[in-house]
Amino acid sequence: MIQKFVYLTRVYYFSAAHRLHSPKFSEEENRRIFGNCSNFKGHGHNYILEVTVSGVPNSLTGMVCFYRDLDKIVEEKIIVPWDHRHLDEEVEDFKGKLSTGEVIVRLVWDKLCICLEGVKLSKIKLWETSTSFFEYQESASKTMLKLDNLI
Amino acid sequence: MKIYSASISCRIEFSASHYYRVSGWSEEENERRFGKDSRHHGHNYRVEIMIQGKVNPETGMVMNVRDLKKTIKEVVEPLDHKNLNEEVPYFRTCLPTPENLACYFFEVLSLKIQSARMASVRVYETESLWAEYRGEAG
C-alpha cells in the first residue's frame with residue numbers, strides 16, 4: 001500500500017499594530033514608498049495566519065501531527081508574543097526588520113521550522129486584510145538541495 | 001486551437017459525527033492525546049474536489065460539471081448525517097480524521113471518474129482546520 005502524503009492546514013488569528021517605516025529613508029521617501037502604512041502614529045490589522053504542514057498520516061491516529069501540539073507551538077512562538085502588540089515597537093522578532101506581509105510570512109516560517117518535529121512545514125499564508133494575502137513556501141528545488149547537502 | 005488542460009473544482013457539504021479513540025489505548029491515554037476530540041461530536045464538513053484534464057475541443061469541457069457533481073454526490077452523500085466511526089466501513093480500520101477523509105474521497109472518486117485526473121481533495125472540518133490530498137506518495 002502506498003504511503004499517502006497529506007497536507008494539513010490550521011488557521012490562527014492575531015491582531016496587532018504596526019507601521020511601515022525605514023530609518024534608511026527620509027520622511028518623504030517613507031511616505032512615497034509605504035503610503036498610508038507609514039502613518040506616524042501607526043495602524044493595525046486582524047491578521048489571519050494559515051500554517052500548512054505535511055506528511056504521511058500516522059497509521060494509528062490518522063493524523064499528520066497532533067493539532068494540539070501544532071497549536072501549542074504557534075501559540076507560544078507567534079500568537080502570545082505578537083497578539084495585541086505593536087509589532088515594530090514591542091516585538092523583539094521585528095527588531096531591524098520591516099513588518100510587511102512578506103517579512104512576516106518568512107519570519108513565521110523561520111520561527112516554526114526549527115520547532116516542528118516529525119512533520120514538514122509546507123506553507124505559510126498571511127491575510128493582512130480580507131483583500132490581500134502573502135505566502136511563503138520553500139521551492140521543491142531548494143528542499144532537494146538541502147537533501148543533496150545532507151548526502 | 002491547440003489542445004490544453006484545465007481544472008474543475010466542485011464543493012459539497014455534509015454533516016457527520018465522529019470521535020478519535022485508538023482501540024489499543026486506555027481511556028486516559030485517548031483523552032490525553034486527543035483531548036475533547038476523544039468525545040463523540042460532530043461537524044459540518046466541506047469538501048472541495050479538483051479534477052484536471054484535457055479540454056475537449058468539441059465540447060469545450062474537461063467533463064460535464066453536472067456529471068461530476070452527480071458522481072461527487074454519490075460518494076459524499078452516504079456519509080451525511082452518519083456516525084463516521086461506526087457507520088462507514090472504511091473507518092473501521094482507521095480514524096475519521098480530515099486527513100483520512102480526504103484520502104478516502106480521493107480513492108473512491110478516482111475509481112469513478114474516468115475522463116479526468118483527480119487533482120486534489122480538500123476536507124474542511126471547520127473554517128480553521130482542513131486537510132488536502134493530491135495523490136502524492138510519501
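Letters A, B, ... mirror the listed sequences (proteins, then strands); counts begin at 1.
Both the backbone and the side chain of B/Phe34 come within contact range of chain A, each with at least one heavy atom under 4.5 Å from a heavy atom of that chain. Within the 4.5 angstrom heavy-atom criterion, atoms from both the backbone and the side chain of A/Val64 approach chain B. Contacts between A/Arg10 and chain B at a heavy-atom distance below 4.5 Å involve backbone atoms as well as side-chain atoms. For A/Thr52, no part sits under 4.5 Å from any heavy atom of chain B, backbone or side chain. Proximity to chain B (any heavy atom under 4.5 Å) is shown, for A/Leu60, by both the backbone and the side chain. Neither the backbone nor the side chain of A/Tyr12 comes within less than 4.5 Å of any heavy atom in chain B.
Taking the centre and axis of the six-membered ring of B/Tyr19, the NZ or CZ atom of B/Arg21 falls inside the cone set by 45° and 6.0 Å. Both tests hold for B/Arg134 against A/Tyr7: distance to the six-membered ring centre under 6.0 Å, angle to the ring axis within 45°.
Looking only at atom types and distance, the side chain of A/Glu50 has a donor-acceptor partner in the side chain of A/Trp127 under 3.5 Å away. Judged by distance alone, the side chains of B/Asn44 and B/Ser15 do bring a donor and an acceptor atom under 3.5 Å apart. Defined by atom type and a distance below 3.5 Å, a donor-acceptor pair is present between the side-chain atoms of A/Asp88 and A/Ser99.
Taking chain B as the reference chain and counting heavy-atom pairs below 4.5 Å, the highest number among A/Ile2, A/Thr61, A/Asp69 is found for A/Thr61. Ranked by heavy-atom pairs shorter than 4.5 Å toward chain B, the options A/Val6, A/Val56, A/Thr9, A/Leu8 are led by A/Thr9. Top candidate by heavy-atom pairs under 4.5 Å with chain A, chosen from B/Ala102, B/Ser120, B/Gly35, B/Pro96, is B/Gly35.
Aromatic ring centroids of B/Phe91 and B/Tyr104 lie under 6.0 Å apart.
The two residues A/Leu121 and A/Trp109 come nearest to each other via the heavy atoms O-CH2, 3.2 Å.
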